[in-house]
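Letters go in sequence order (proteins before strands), and every chain restarts at 1.
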Amino acid sequence: MNDALKMQISAFVDGELADNEAEFLLRRLSQDAGMRQQVAQYLEIGRMARRDRDIPGMDGLRGRINEALGEEPLVVEGKPEVVGSKLMTPASGLAVAAAVAVVALIGLSQLSTPDVPVVPIADLPVAIDTGGSYTEPTPDQVLANQPTERLLEYRRRHDDTSYSLGSNDIISRMVTFELREGELVEIEPDPHFVEPQTDDDGAFE
Amino acid sequence: MKKAALTSIAIAALFSTAASFAQSSPNEWLERMSVAVSSTNYEGTVIRRQNGESEALKVAHKIVDGVVNERLASQEGNGLEIIRIGDEVHCILPDRKSVLVEPWNNQSTLFSALPQGNAPNTPQYNMSVVREDRVAGRAAVMIAVRPHDEYRYGHRIWLDKESAFPLMTSLVNLEGQVIEEVKFADITIDDNISSSALGPSINLDSFTWYRESDRFRAIEVETDWQCDDLPAGFNPISTQTELMPADEGEEETSTTHIVYSDGIASVSVFIASRVVGDNQGWTLVGTSNSFSANVDGFHVTAVGEVPNITVQRIVSSMRRPVP
């Protein structure tokens with residue numbers, strides 16, 4: 001499967017594929033069993049990468065799609081029996097349109113964990129970045145550390161130097177106010193700010 | 001008859017403009033967005049969601065004689081207000097009866113990480129106009145900025161169809177989960193924002209005013225440090241030596257600060273002397289991830305609004321060539 005198709009599938013799963021492109025994608029899938037198999041494998045890899053993220057309401061969602069398509073779940077040839085996502089099944093033009101309509105109603109992102117044939121990951125052709133030995137830490141590993149004063153200062157410096165790239169976060173800057181208080185210098189109040197503004201004539205004084 | 005014809009032409013031109021806006025490329029939308037962020041006068045309520053918590057802010061923004069006047073007021077917690085006039089912001093903390101004055105640049109104070117108009121030139125992302133939508137009661141166009149790999153986050157941006165002003169922005173991870181979201185619940189785009197909406201809502205008579213000390217200094221330098229295994233697309237864009245404030249009783253420390261960017265996401269790497277009690281491993285700092293480790297006798301930390309594996313990979317491959 002080429003990168004463009006992977007990108008399209010990924011965008012579809014995340015709800016970021018335009019409706020007309022989603023319909024086109026479903027049409028292609030309905031007409032090409034080989035592509036359906038490739039997509040099934042690709043999605044399975046994604047499902048593994050996402051650590052079998054369970055989405056509440058997925059069973060109900062599948063039921064609604066099945067109902068909309070008016071078809072029985074399909075067994076993918078040569079693979080273990082699966083209660084199939086309709087992404088992987090041949091469908092008529094009408095069924096494709098119905099699937100698109102259902103998807104539009106419930107949100108594309110909820111389709112992110114379809115049931116697909118289980119394929120040993122070692123058997124699959126996977127494009128792996130050469131630096132892929134790094135693993136995502138668990139939430140506990142991340143939250144176990146509280147940022148030190150030096151790390152908060154680093155974050156501020158990072159914000160400062162990222163201005164030109166559009167990275168900017170004034171709210172988080174204030175989080176460090178208390179820690180920085182010892183570094184602050186007391187100054188005279190700005191007379192323009194001592195009283196709340198009550199005039200309504202446009203320009204700020 | 002002539003009047004009717006002119007009216008028809010005007011209506012046709014209007015529809016033509018609207019249609020061309022709807023058919024604009026993501027690049028054109030983002031360029032229009034950059035202009036809109038810096039030139040639109042608006043007032044409204046913003047909901048900001050981060051790390052599972054949400055916060056409501058009242059926002060007013062007006063350009064007066066070419067100078068940005070802006071007020072952000074938290075509707076919850078300590079009632080923080082931020083008043084910006086041009087290149088200066090006044091942060092008002094009612095619970096501490098304090099006002100902190102800080103310099104500011106010309107960037108938006110509201111949107112934390114918007115891709116810029118030249119972002120489509122970065123090959124690490126795919127950009128698309130996804131669909132028309134509705135946000136804060138206004139017709140919007142959703143733009144998706146999708147990374148090609150797991151080393152950066154994606155963006156979803158809902159732009160006002162009429163003005164290209166960002167009505168909602170989301171920073172999303174590989175799993176499609178929202179890291180940070182800024183969304184207008186209501187907005188008025190209007191040139192007649194009153195000055196009372198731009199000033200502090202409370203009397204500051206008894207408040208103490210502060211500014212930052214001048215201890216911080218940064219000098220552009222060259223460095224021997226380099227990253228052997230940068231994720232694709234990231235390149236060094238700046239290297240500085242900075243004097244960082246130290247804990248009480250200790251001397252200031254000199255820190256090397258290297259910034260890597262892929263055109264949208266940026267990561268700062270800080271290289272400093274080792275200090276007892278410094279962070280090691282991963283730490284969450286707001287919406288930023290950080291990773292720290294000891295490398296070649298130095299304490300190396302990477303910070304940025306990128307996934308954990310990105311900061312880990314960069315720190316783990318920082319090297320100082322032996323002369």
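Side-chain atoms of A/Arg150 never come within 3.5 Å of backbone atoms of A/Leu152 as a donor-acceptor pair (strictly under, hydrogens ignored). In terms of modelled atom types and a separation under 3.5 Å, the side chain of B/Thr283 and the main chain of B/Ser290 share no donor-acceptor contact. The closest donor-acceptor contact from the side chain of B/Asp149 to the backbone of B/Pro147 lies at 3.5 Å or more, if one exists at all.
Side-chain N/O atoms of B/Thr169 and B/His155 include no donor and acceptor closer than 3.5 Å.
Heavy atoms closer than 4.5 Å to chain A are found in the backbone of B/Val267, but not in its side chain. Using a 4.5 Å cut-off between heavy atoms, B/Ser288 contacts chain A through both its backbone and its side chain. Looking at B/Ser238, neither its backbone nor its side chain comes within 4.5 Å of chain A, counting heavy atoms on both sides.
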